[in-house]
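For the numbers below, each heavy atom of this structure counts, side chains included, while hydrogens, waters and symmetry mates do not. Both ligands and their constituent atoms are indexed starting at 1 by order of listing.
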Amino acid sequence: MKEPTVPDAPNTTLPPLVEPAAELSREEVERYSRHLIIPDVGTVGQRRLKNAKVLVIGAGGLGSPALMYLAAAGVGTLGIVEFDEVDTSNLQRQIIHGSSDVGRPKAESARDSIREINEFVDVRLHEFRLEPDNAVELFEQYDLILDGTDNFATRYLVNDAAVLAHKPYVWGSIFRFEGQASVFWEDAPDGRGLNYRDLYPEAPPPGMVPSCAEGGVLGVLCASIGSIMVTEAVKLITGIGETLLGRLMVYDALEMSYRTIRIRRDPEREPITGLIDYDAFCGVVSEEGTEAAIGSTITATELSEMLSSGRDIAVVDVREPVEWDIVRIPGATLVPKDRILSGDALAELPQDRPITFYCKTGIRSAEVLAAAKKAGFSDATHLQGGVVAWAKQVDPALPVY
Ligand SMILES: Nc1ncnc2c1ncn2[C@@H]1O[C@H](COP(=O)(O)OP(=O)(O)OP(=O)(O)O)[C@@H](O)[C@H]1O
């Protein structure tokens with residue numbers, strides 16, 4: 001990935017994105033009074049918010065606080081694209097959902113919370129996965145897009161679809177204690193025509209940048225970055241302040257520092273003329289594809305049966321010690337992935353009996369298996385679905401994280 005290195009860009013003030021709605025009702029005046037008395041916002045700014053249609057992709061870590069603040073701010077129409085259901089492990093950060101929502105569609109749970117926050121918002125649910133065949137048409141129905149997703153394939157799709165639909169979008173990302181945010185708009189009146197591909201021309205190789213599911217995230221970081229994204233949305237809609245267009249904001253919660261870095265147009269970037277296969281672009285390989293490439297998987301039930309029948313198999317956990325502390329397969333040995341991939345721990349692996357590697361969901365163990373096979377461990381397998389599958393299929397009393 002190309003690292004942006006140039007310091008702060010000139011600031012960018014843009015004209016308002018949305019025309020003002022005709023009027024505010026008496027209830028709306030009371031509700032939004034703390035906005036109305038800010039001279040930069042005023043009644044006209046609030047009427048612009050009322051007229052605005054904002055599409056939020058993902059009602060997860062970033063989408064949760066973003067939707068709540070957009071609703072409270074009085075954005076008149078909020079679209080939610082989300083296909084997933086609320087999981088217990090979401091509740092630590094996805095504050096638009098509550099304990100009683102576990103198992104419900106996230107889009108519906110988010111809509112119910114928004115109704116509770118602000119009954120004046122028209123919520124439109126798009127309960128499907130954003131894909132190349134639905135993205136542009138959907139984006140065209142909104143003024144502004146907010147990308148709260150967690151995977152590179154969707155991020156490039158959102159970027160390219162926003163370019164084709166001629167829409168601005170606010171982007172954010174989070175990992176552990178660090179977050180980033182920016183605004184991209186190829187047709188922006190500033191004329192610089194920047195998009196996400198100017199910042200990150202290529203997706204990182206699969207597995208190089210761990211997801212929050214693999215590496216974790218501080219729950220409140222979602223609020224820090226989600227609220228910055230909403231701040232940018234409000235500024236774009238009302239035409240106030242200097243937006244993050246052309247700048248990347250980087251927030252470090254441990255240092256408690258914010259800095260912005262200028263984004264320049266990549267002179268080698270090809271124009272975006274259509275949507276592509278984003279999984280292929282990002283090197284995402286399906287589970288079947290991974291198996292075809294490396295062979296040798298074993299299911300949790302098969303492994304459990306083999307161990308119960310007394311087969312002498314070395315079960316090697318390739319996760320990090322913090323994950324080992326949460327849950328593990330009885331009898332396993334911990335040898336973290338990086339130590340095997342660097343070659344340091346190859347000597348610790350048994351040569352005289354079959355090995356089964358496992359991780360959380362099967363991604364890291366597949367990588368380790370490929371390396372181990374190259375190093376001559378021919379009688380090796382990896383556990384399909386990892387310790388999560390083990391907990392679900394073999395020992396439901398174990399926690400899933
Ligand atoms: N292409 C897509 N279309 C619609 N929603 C998407 C798409 N890609 C991701 N999402 C949604 O974006 C949200 C991102 O939220 P978050 O990063 O907190 O991930 P999560 O999947 O809920 O959590 P975790 O991966 O840690 O289990 C998720 O709810 C996910 O379902």
Which of the ligand 1 atoms, numbered from 1, are nearer than 4.0 Å to a heavy atom of [X]:
X: Gly61; result: 15 (O), 16 (P), 18 (O)
X: Asp84; result: 31 (O)
X: Val81; result: 4 (C), 5 (N)
X: Asn90; result: 22 (O), 23 (O)
X: Arg129; result: 1 (N), 2 (C), 3 (N)

Practice item. May I ask you to identify, for Gln94, whether its side chain, its backbone, both or neither come under 4.0 Å of ligand 1 on a heavy-atom basis? Key: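 Side chain only.
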On a heavy-atom basis, I'd like to know which of [options] is closest to [atom].
atom: atom 23 (O) of ligand 1; options: Gln92, Arg93, Arg155; result: Arg93
atom: atom 4 (C) of ligand 1; options: Tyr401, Phe83, Tyr278; result: Phe83
atom: atom 8 (N) of ligand 1; options: Leu157, Leu62, Ile80, Asn151; result: Asn151

Do [X] and [Y] make the cut of ring centroids closer than 6.0 angstrom?
X: Tyr258; Y: Tyr251; answer: yes
X: Tyr358; Y: Trp390; answer: no
X: Phe83; Y: Phe128; answer: no

Point to revise | Sub-4.5 Å side-chain heavy-atom contact between Val121 and Val75 | key: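 Heavy-atom side-chain distance check fails, nothing below 4.5 Å.
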Residue, atom name and distance, where the atom is the protein heavy atom closest to [atom]:
atom: atom 13 (C) of ligand 1; answer: Glu82 OE1, 3.7 Å
atom: atom 21 (O) of ligand 1; answer: Asp150 OD2, 3.5 Å
atom: atom 12 (O) of ligand 1; answer: Gly58 CA, 3.4 Å
atom: atom 1 (N) of ligand 1; answer: Thr154 OG1, 3.1 Å
atom: atom 3 (N) of ligand 1; answer: Leu130 N, 2.8 Å
atom: atom 25 (O) of ligand 1; answer: Ala213 CB, 3.6 Å
atom: atom 15 (O) of ligand 1; answer: Gly60 CA, 3.3 Å

Check your understanding: Any side-chain donor paired with an acceptor under 3.5 Å for Asp112 and Ser109?
Key ->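 No, no side-chain donor-acceptor pair sits under 3.5 Å.
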Can you tell whether the side chains of [X] and [Y] come within less than 4.0 Å, N to carboxylate O?
X: Glu348; Y: Arg339; answer: yes
X: Arg364; Y: Glu320; answer: no
X: Arg31; Y: Glu28; answer: no
X: Asp150; Y: Arg155; answer: no

Review point. For ligand 1, is Gly63 a contact, meaning one of its heavy atoms is under 4.0 Å away?
Key: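 No, Gly63 has no heavy atom closer than 4.0 Å to ligand 1.
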Review point. If you draw a 6.0 Å radius around OH in Tyr69, do more than 12 non-hydrogen atoms from other residues or ligands fall strictly inside?
Key: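 Result for OH/Tyr69: open.
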Check your understanding: Looking only at N/O atoms, are Ile57 and ligand 1 under 3.5 Å apart anywhere?
Key ->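 No, since none of the N or O atoms of Ile57 sits under 3.5 Å from an N or O of ligand 1.
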Exercise for review: Return yes or no for this condition: an N or O of Thr149 is under 3.5 Å from an N or O of ligand 1.
Suggested key: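 No, no N or O pair falls under 3.5 Å.
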Point to revise | Heavy-atom closest pair, residues Ala391 and Val400 | key: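 Heavy atoms only, the tightest pair is CB-CG2, 3.9 Å.
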Check your understanding: Think Arg197 forms a cation-pi with Phe281, using NZ or CZ under 6.0 Å from the six-ring centre and within 45 degrees of its axis?
Key ->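 Pair Arg197/Phe281 counts as cation-pi.
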